[in-house]
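If you read the sequence from its start, that first residue is 1, and numbering goes on from there.
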Amino acid sequence: MSVVKNPLERTWRGVSPENRVAERRARLLDAALEKFSAQSFTATTVRDVCREAGLTERYFYESFASKDALLGALAWQIIGDFLADAAPSVALAGTDLDATIEGAMRAVVMSLTTDPRRARILFVETVGLSPDAETARRKAIGSLVRVILDAGAQAYGEWARESLEMELIARAVIGAMSELMVSYSRGELPLDQESMVVNLTRILLRARTVAAAIAAERSDHAVDPTTGGAE
């Protein structure tokens with residue numbers, strides 16, 4: 001007996017149903033980036049996003065349960081983009097922590113400031129919306145903390161992943177970066193992209209010195225505090 005395919009699952013102009021859904025989802029994310037940054041998340045409706053994307057609301061709910069879910073997905077996409085850009089530098093943490101810090105900072109700053117809308121979404125529009133949105137934002141911060149702790153483990157040893165002192169440093173660094181990016185995106189700092197890279201790198205290098213001193217106190221891992229690496 002032959003199996004009859006659901007006509008809704010057929011390809012259209014050579015594009016599979018899955019790819020069509022993915023393409024519509026990408027259009028909605030692009031539209032959200034534009035509308036949420038131009039007129040704020042709270043002032044934007046689902047209909048506004050759909051109009052910008054050239055899609056009906058039916059297709060919105062095909063991919064997102066709510067406007068909040070769309071914002072969350074957009075924030076995670078932005079984070080994923082800069083983490084991917086920073087990944088080659090982070091991979092150097094075990095052999096050259098300074099290169100990791102400088103390269104990662106450059107990747108993050110360029111990702112968030114070349115298109116300033118991305119910084120606004122991540123550091124302004126996602127803050128203080130609702131308990132659920134705040135939970136999602138804290139989860140994102142936790143993920144960034146883990147990235148920093150993983151780099152610390154490469155540089156100093158596995159103990160760094162579970163070190164409260166190292167987590168405090170990681171969260172302090174993320175807080176400093178967040179405040180500087182907000183100020184930059186609002187035009188409150190007279191800095192260009194390169195100056196942002198230089199100054200954020202300096203902050204992280206100071207934090208590295210503190211981390212190296214903590215590592216040096218541990219008897220199971222000798223560290224040169226001047227370089228941040230193993231002796």
Nearest heavy-atom contact between I121 and L74 is CG2-CD2, 3.9 Å
Can you see which heavy atom on V90 is nearest to which on A104, and at what distance? CG2-CB, 4.5 Å
OG1 on T44 to CD on E52, rounded to 0.5 Å: 9.5 Å
Cut-off 3.5 Å, side chains only: do E179 and S183 have a donor facing an acceptor? yes
Euclidean distance, L168 CG relative to I214 CD1, rounded to 0.5 Å: 8.0 Å
Check the side chains of T114 and Q193 for a donor-acceptor pair under 3.5 angstrom, ignoring hydrogens and angles. yes
Do the side-chain N and O atoms of D132 and T135 include a donor-acceptor pair separated by under 3.5 angstrom? no
Does one hydrophobic cluster hold both I141 and L149, with members joined at side-chain heavy-atom distances below 4.5 Å? yes
Measure the CE-CE distance between M196 and M110 for me, rounded to the nearest 0.5 Å. 10.5 Å
NZ/NE/NH1/NH2 to OD/OE distance under 4.0 Å, E62 and R25: no
Go through the side-chain N and O atoms of T201 and E102 and say whether any donor and acceptor fall under 3.5 Å apart. no
Hydrophobic clustering (ILVMFWY, side-chain heavy atoms < 4.5 Å, transitive) - are V182 and L200 grouped together? yes
Kindly give the heavy-atom pair with the smallest separation between A43 and D48, and that separation in Å. O-OD2, 3.9 Å
May I have all residue pairs that pass ring pair (Phe, Tyr, Trp, His ring centres under 6.0 Å) and include part of residues 30-57, sequence neighbours excluded? F36-F41
By side-chain contact (heavy atoms from CB on, under 4.5 Å), which residues pair with L83, not counting sequence neighbours? I79, L144, V147
One thing to verify: whether R208 and D98 come together as a salt bridge, which I'm taking to mean a side-chain N less than 4.0 angstrom from a carboxylate O. yes
Just how far is it from atom CG of L112 to atom CD1 of I78, taken to the nearest 0.5 Å? 7.5 Å
For the side-chain contact (heavy atoms from CB on, under 4.5 Å) test, which of L204, N199, T100 pairs with M105? L204
Heavy-atom neighbours of R47 CZ exceed 12 at 6.0 Å: no
Looking at R27 and A53, what are the two nearest heavy atoms and their distance? NH2-O, 2.8 Å
Counting heavy atoms not belonging to R206, are there more than 12 under 6.0 Å from its CZ? no
Please test R20 against E23 for salt bridge (charged side-chain N to carboxylate O under 4.0 Å, His left out), starting from the C-alpha separation and ending with a verdict. CA-CA 5 Å; R20 293 204 300 274; E23 186 271 339; over 6 Å; no
